Novice: 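Once you've had a glance at the structure underneath, I'll fire off some questions.
No experiment lies behind these values; they were computed from the predicted model shown.
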Amino acid sequence: MDIKDLDTPIPAIDLDRVEANIKKIQSYCDKYNINLRPHIKTHKLPSMAYKQLKAGANGITCQKISEAAVMAAAGIKDILLTYNIIGKTKIEPLANLAKQTNLSIAIDNKVALDTISQAAKLAKKEIKILVEFESGNKRLGVQTTQAALSLAQEIIKLDYLTFDGLMTYPCGEQAGKFIKEAKELFSQANIEINTVSVGGTPTMYSVHKVAGVTELRVGTYIYNDVNTIGSGAAKLNQCALHVHTTVISRPSKNRAVIDAGSKTLSSDLTNPEYGQGYGLILEYPEAVIYKLNEEHGIIDLSACNKKPKIGEVIRIVPNHVCVVSNLHDELVTHRNGIVEAVLAVWARGKTR
Ligand SMILES: Cc1ncc(COP(=O)(O)O)c(C=O)c1O
C-alpha cells in the first residue's frame, strides 16, 4: 500500500531515515568509546528498541515502571529507569520488573532509595543505582558533590543495591566541573564511579568533550522534530516521523482546516526562534498551524503562494515528536512511501 492512500490522521515513519539516524549516533559513540543507552520515550516501541540494540546500544532508558515493563516483557534485558520511584504502591511493580530484567535506577534522594531497597529485597535481585545530579537544567538532581557522596554511602550499606555512578539530564554546562570534583571526592572515600550517564539530543554530538562521560542517553534523535532542527542537531531530511492529515475545509481564502488537532499533534509549541504554530507543514512551509481544537487544526495560508485544496493530504513534522508518539494507538512504518507495517504503540500512555 502507498502511504498516500492511508486513512488520516496517522503518523508515518520512514524506516530508512530511522536506521540512518540510529547508525549516525552509534558511530559517534563507537568513535569516542561512549556507551549508548537510547531513551525509548520517543518511540515507545519494542521493535525500535531492538533496532537500536542491534546497532550496538548497550541497553535502553525508560522513564516509568510501566513503560519499562513493556520493554522487559518484549525480552529487553538491560534497562535504566531515570526517575525517582517513590511510595509503597511502587514496591511490588518494581520488584516484578527487577525479576524480569537487569535494572538500574537513577535517584536523587533517600526516600526513593528506601522504596527501591524494599523492591530489591522483595525481588531478591540486584538493582544498580546512579545518583542524579543537576548540571544546569534546574529540574532535579543533587546540588553538590558532597550530597552525591552522602547518597552513595547510603546506597552501599543496603542489601541488593550497588552504587554504579552518576547521571544528569541534559548534559548541562556544569556537568564537566561536577564530574571532575565528584571523581576526586569519591576516590578519597574509596568509592568507584563506574558509569557517568548524560542525556539529550540537542547536545549529543558534543558529549565527548566532557571528560569522564561514559554513557549517552538520547531519545528524540531516532525521529527528530522541529525542536531538534531548531537546536541544530538534525536537518529536515532526518525527520523520520510525519503526521499525515487531510484538509477538511477551506472556509476562506487564507484559512484551511485539517483533521489533526491537539489529540493528534499535541499542544506543544516550539521555541519562537525555531518556528511558529503547532508543527511544520512539509508541502506548505510558509503556512502556520495557529490554532488547535481537539480534532481540528486551523491554518493561516496568507504567506503561501500555492494553497491546499479540500481533500489534499499534507504532512506535518511535529514540534515535539515524543508526545505525538504517546498520543497514538498505532502508526505505520514505510520505505520509500510503501507501507511495511502497522504497529501498536505498546508503551504509550504508561504514566505509572
Ligand atoms: C532523563 C532523560 N534522559 C534522556 C532524555 C532524552 O532526551 P532527548 O529526547 O532530548 O534525546 C530525556 C528526555 O526527556 C530524559 O528526561
Novice: Rounded to the nearest 0.5 Å, what separation is found between the CG atom of Leu166 and the OG1 atom of Thr145?
Specialist: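 The CG atom of Leu166 sits 9.5 Å away from the OG1 atom of Thr145.
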Novice: Going by an N to O cut-off under 4.0 Å, is there a salt bridge joining Lys157 and Glu154?
Specialist: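 Looking at Lys157 and Glu154, the cut-off is met.
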Novice: Using a distance-only test with no angle check, is there a side-chain donor-acceptor pair under 3.5 angstrom linking Asp164 and Ser104?
Specialist: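 No - no donor-acceptor pair under 3.5 Å links their side chains.
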Novice: Begin from the C-alpha positions of Glu67 and Lys44 and carry the test side chain to side chain contact (heavy atoms under 4.5 Å, CB included) through to its verdict.
Specialist: CA-CA 8 Å; Glu67 224 178 28; Lys44 303 177 195 300; 3.4 Å; yes
Novice: Testing the 3.5 Å rule here: is there a donor-acceptor pair between the side chains of Ser27 and Asp30?
Specialist: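 No pair is found: no donor N or O on one side chain lies under 3.5 Å from an acceptor on the other.
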Novice: Within 45° of the six-membered ring axis of Tyr284 and under 6.0 Å from that ring's centre, is NZ or CZ of Lys306 located there?
Specialist: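 Satisfied, under 6.0 Å and within 45°.
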Novice: Got more than 12 heavy atoms from elsewhere within 6.0 Å of NZ, Lys125?
Specialist: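 Yes, because the 6.0 Å sphere around NZ of Lys125 holds more than 12 heavy atoms from other groups.
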Novice: Heavy-atom count check: over 12 atoms from other residues, nucleotides or ligands less than 6.0 Å from Lys307 NZ?
Specialist: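 Enclosed.
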Novice: Show me the donor-acceptor pairs, under 3.5 Å and distance only, between side chains in residues 344-352 and residues at least two apart or in other chains.
Specialist:
unit_1 : atom_1 : unit_2 : atom_2 : d
Arg348 : NE     : Asn326 : O      : 2.8
Arg348 : NH1    : Asp329 : OD1    : 2.3
Arg348 : NH2    : Asn326 : O      : 3.2

Novice: Determine, step by step, whether Leu282 and Val317 satisfy the side chain to side chain contact (heavy atoms under 4.5 Å, CB included) criterion, reporting the C-alpha distance in whole Å, the side-chain angles of both residues, the deciding distance to 0.1 Å, and the verdict.
Specialist: CA-CA 7 Å; Leu282 285 177; Val317 177; 3.9 Å; yes
Novice: Report, as yes or no, whether the 6.0 Å neighbourhood of atom NZ on Lys64 holds more than 12 heavy atoms from other residues, nucleotides or ligands.
Specialist: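 For Lys64, atom NZ is crowded (more than 12 foreign heavy atoms under 6.0 Å).
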Novice: Identify which one of Asn319, Asn271, Thr270, Thr201 satisfies the side-chain hydrogen bond (donor to acceptor under 3.5 Å, both in side chains) criterion when paired with Asn227.
Specialist: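 Going through the options one by one, the only one that passes is Thr270.
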Novice: How are the rings of Phe186 and Phe163 set to each other: parallel, tilted or perpendicular (split at 30° and 60°)?
Specialist: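 Ring orientation of Phe186 relative to Phe163: parallel.
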Novice: Check this for me: does any side-chain nitrogen of one of Arg37 and Glu215 sit under 4.0 Å from a carboxylate oxygen of the other?
Specialist: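 Answer for the salt bridge query: yes.
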Novice: Between Gln63 and Thr82, do the side chains contain an N or O donor and an N or O acceptor separated by less than 3.5 Å?
Specialist: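 The criterion, which ignores hydrogens and geometry beyond distance, is satisfied for Thr82 and Gln63.
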Novice: Nearest 0.5 Å, please: how far is CG in Leu236 from CG in Asn224?
Specialist: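 With rounding to 0.5 Å, CG (Asn224) is 10.0 Å from CG (Leu236).
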Novice: Does Glu19 pair with Lys23 as a salt bridge, N-O distance under 4.0 Å?
Specialist: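 No.
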Novice: Working to the nearest 0.5 angstrom, can you tell me the gap between Glu340 CD and Asn336 CG?
Specialist: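 That separation rounds to 9.5 Å.
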Novice: For atom CG of Asn33, decide whether the heavy atoms of other residues, nucleotides or ligands shown that lie under 6.0 angstrom number more than 12.
Specialist: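 No, the 6.0 Å shell around CG holds no more than 12 heavy atoms from other groups.
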Novice: If we count only N and O atoms by modelled type, under 3.5 Å, do the side chains of Thr245 and Thr8 hold a donor and an acceptor together?
Specialist: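 On atom types as modelled, these side chains do not qualify, holding no pair under 3.5 Å.
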Novice: Among all residues two or more places apart in sequence or in another chain, which pass the side chain to side chain contact (heavy atoms under 4.5 Å, CB included) test with Tyr290?
Specialist: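 Listed in chain order: Arg255, Val288, Ile298, Asp300.
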Novice: Step by step, would you call Ile79 with Met71 a side chain to side chain contact (heavy atoms under 4.5 Å, CB included)?
Specialist: CA-CA 8 Å; Ile79 301 180; Met71 298 295 152; 4.0 Å; yes
Novice: With salt bridge (charged side-chain N to carboxylate O under 4.0 Å, His left out) as the rule and sequence neighbours excluded, what pairs involving residues 226-243 come up?
Specialist: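 Listed by first then second residue: nothing to list.
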Novice: With rounding to the nearest 0.5 Å, note down the distance linking CG in Asp225 to NE2 in His320.
Specialist: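 Between atom CG of Asp225 and atom NE2 of His320 there are 6.5 Å.
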Novice: Could you verify whether a donor N or O on one side chain and an acceptor N or O on the other, from Thr246 and Glu312, lie under 3.5 Å apart?
Specialist: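 On atom types as modelled, these side chains do not qualify, holding no pair under 3.5 Å.
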Novice: Kindly assign one of parallel, tilted or perpendicular to the pair Tyr28 and His208, based on the angle between their ring planes and the thresholds 30° and 60°.
Specialist: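 Rings of Tyr28 and His208: perpendicular, as their planes differ by over 60°.
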